[in-house]
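Heads up: the structure comes next, in structure tokens.
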Amino acid sequence: MLKEIWDYRQMIISLVRKDLRGRYKGSVLGFMWTFINPLFQLIVYSFVFSTILRSNIEKYYLFLFVALIPWIFFSAAITGGSTSVLSQKDLVKKIYFPREVLPIAYVTSCFVNMLLCFIVVFVVVFISGTKLSILGLVYLPIVMIVEYILALGIAMITSAVTVYFRDLEHILGIISMAWMYFTPVVYSQDLILDSGMPEKFKFLFMHVNPMTSIINAYRTILYYGAAPDMSTLVEAVFLGVIFLVVGLLIFSKLKKHFAEEL
Amino acid sequence: MAENKEEMNAITISNVTKQFKVFLDKGQSLKERLLFKNRNRYENRIVLDDISLTIKKGEAVGLVGHNGCGKSTLLKLMTRILYPEKGVVDVKGRVSSLIELGAGFHPDMSGRENIYTNASIFGLTKSEIDKRLDDIIEFSELEEFIDNPVRTYSSGMYMRLAFSVAINVDADVLLIDEILAVGDANFQAKCFNKLQQIKASGTTIVIVSHSLGQIEAFCDRSIWINKGKIVADGLPRDIHPQYLDYMGEMRNEQNMKEKAKAESKQAKEAQEAKAASEEAEEAKAEEAKQEEEAPEVKKRWGNGDARISKVTIFDANGKEKNVFHVGSKIVIKVDYKVKKMVKDAVFGIGIFRADGVNCYGTNTRIDRIDEFNITRDGTVELTMERVDLLPGKYLVDLAIECGDGIPVDYYKEACAFETYSPRGDVGIVRIEQSWDFPDKP
């Protein structure tokens, strides 16, 4: 199966290219939206959390931005990824190709989009005057790949299940919003750890939610300018691989009836 | 030896059963599923029933059968778009299908870029596409436009590009659902030649088509599928006559059913009209009747002294029928009713092809039948020993005239029949012929 997906790598490349090209088709600013979108989100969140809610975090805009961009990728990959098979139903019904290509292409396209956004991230980091550590920058691609594997695994499951159960697409919108507030994206993890919440909840937050360690790693590298403690990422790697394996298994089980269900 | 034989098979289908769940009323969302639990009723419709067949490497096979017989499903099983409930489908090598052309085309991308996208969906890598690019562009005849966005293409250009990609994939197995009418006559000829070339190069080809002519011209083998089972498998020219006979039979049955339906409807309407006329005043009834008859005016005229009341078509065995094999005996029986004596009556017939071409016409005077006065209701039977009209639909006009040429009842399109034939000869009528070559050594 994996070999077959590899044989179809050109299809993944084509789909990614088509998706990136077609995304902002017809809009005046076109591809610029890739950068404008996160910038405006940054402005809104920064305004809310440094003016209205007052978070007392130094350089809050940077604190938020380096976490927000990876989160937007993750969230888009799992919610949008859920419809990746559904939206290509004409292809699925008429032509054979390994169906795994569709969620892979979608998540990859979101990933490429994130990489492009990182141009803006680095500009913001540079403007803020933060000094980055070399070792941290070496680790950055590893963190990204871990996040990619995790997102891909989840998208595999959601894309296959959505074919049979269309509500999932909407349910995922709610889940991804809740998940964001359960992850230290807009706030610091200390807010949870120092709070009087039950230990069980703190354990879930720190060790079961793989996104906590991933977001923390991004923040350590780009906000604190340090090398992340890779051992905290082990759990995320472990969960990511499990999700990917389970995702591939579920997908290969469900894909046989895609053409009939669509 | 056995192993060798195994290798020779490009497609092996063993005991394959495929059924679809046909939901009577399916809820797609959670709410619908929970609220209307009993709505999730479905029927299992068996589309393919325990089918086994093998197709050898390099063979060109045509699948025939009427709509819904399962032949397209079989093709989809071969491409692995669908999976069988039971049994095994084994296809060796790269499969390309001319089922959906232009998959994944993006209107804003250039023709060249779309070639890459489209070919990649067939599983080609970049270097493989690079190698074929020139061939594809050349075949599509779109050299000048290849860097323009595809949205600027005409639909013919679009299909030409799509077809060129699909046909240049160099698959081991090529599956075709209805050889598409792509482009103009020249391009079609080119496609056909290319397919012949692909066949000659040893590619296994499976075609689903309603055009038996195409299959005969192209395939060495024809498989007739009916109701999910293989009915016959062999040389196209052996299989197709059987299939056509069956189709003729079916069409006949259907036509008969329709006719019976129409007749019962007519009878009902007549009854209703009668009931209405009894209640209403006579004058009004007359008016209504005239109105009712108004649409028929064009189809029927004459002084009405006698009227054709019933027309029935029989075959050689006296069975009522209206679909015939070319060259069959056809008997038309005409019942008529007489109001007033018709002097020196002449009966006539005209046979027209559906497009209005008059194929044949004659009457009792031309045929030198003695004229006679008709005074009572009666019947006339016209026996045509051998109708060699080529496949198509034919309409029959019938007429009664009196001796001085005044139409008594001219009934346009009084009845109709169809003909069919496995032979591909063209024109209006078949002329029995033979070829001789006296100089041939």
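Not measured: the values here are computed from a predicted model. Letters A, B, ... are given to chains in the order of the sequence lines, protein chains preceding strands, and every chain is numbered from 1. Values below: all heavy atoms of this structure, side chains included; hydrogens, waters and symmetry mates excluded.
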Examine whether an atom of [X] lies under 4.5 Å from a heavy atom of chain B, and if so say whether it belongs to the side chain, the backbone or both; otherwise answer neither.
X: A:Val101; value: neither
X: A:Leu91; value: side chain
X: A:Gln88; value: neither
X: A:His257; value: side chain

Neighbour count above 12 (heavy atom, 6.0 Å) for [X] [atom1]:
X: B:Arg151; atom1: CZ; value: yes
X: A:Phe40; atom1: CZ; value: no
X: A:Phe201; atom1: CZ; value: yes
X: A:Phe243; atom1: CZ; value: no

Going from [atom1] on [X] to [atom2] on [Y], what distance comes out if it is rounded to the nearest 0.5 angstrom?
X: B:Phe122; Y: A:Tyr96; atom1: CZ; atom2: OH; answer: 14.0 Å
X: A:Glu260; Y: B:Gln19; atom1: CD; atom2: CD; answer: 9.5 Å
X: B:Lys76; Y: A:Lys93; atom1: NZ; atom2: NZ; answer: 7.5 Å
X: A:Leu15; Y: B:Ser120; atom1: CG; atom2: OG; answer: 6.5 Å

Subject >> Contacts with chain A made by residues 111-119 of chain B (heavy-atom distance under 4.5 Å), listed by residue number >> reply: B:Glu113, B:Tyr116, B:Thr117

**OP:** With the side chain counted from C-beta on, respond yes when A:Ile95 and B:Ile121 share a heavy-atom pair under 4.5 Å apart, and no when they do not.
**Re:**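 In contact.
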
Original post:
Taking it one step at a time, do A:Gln10 and B:Leu124 satisfy side-chain contact (heavy atoms from CB on, under 4.5 Å)?
Top reply: CA-CA 7 Å; A:Gln10 184 60 32; B:Leu124 265 60; over 6 Å; no

Subject >> Residues in residues 145-154 of chain A near chain B [non-hydrogen atoms, under 4.5 Å] >> reply: none

Closest approach of [X] to [Y] (non-hydrogen atoms, all atoms of both residues):
X: A:Val92; Y: B:Ile81; answer: O-CG2, 3.6 Å
X: A:Lys94; Y: B:Ser97; answer: O-OG, 4.3 Å
X: B:His106; Y: A:Lys18; answer: CD2-CG, 3.3 Å

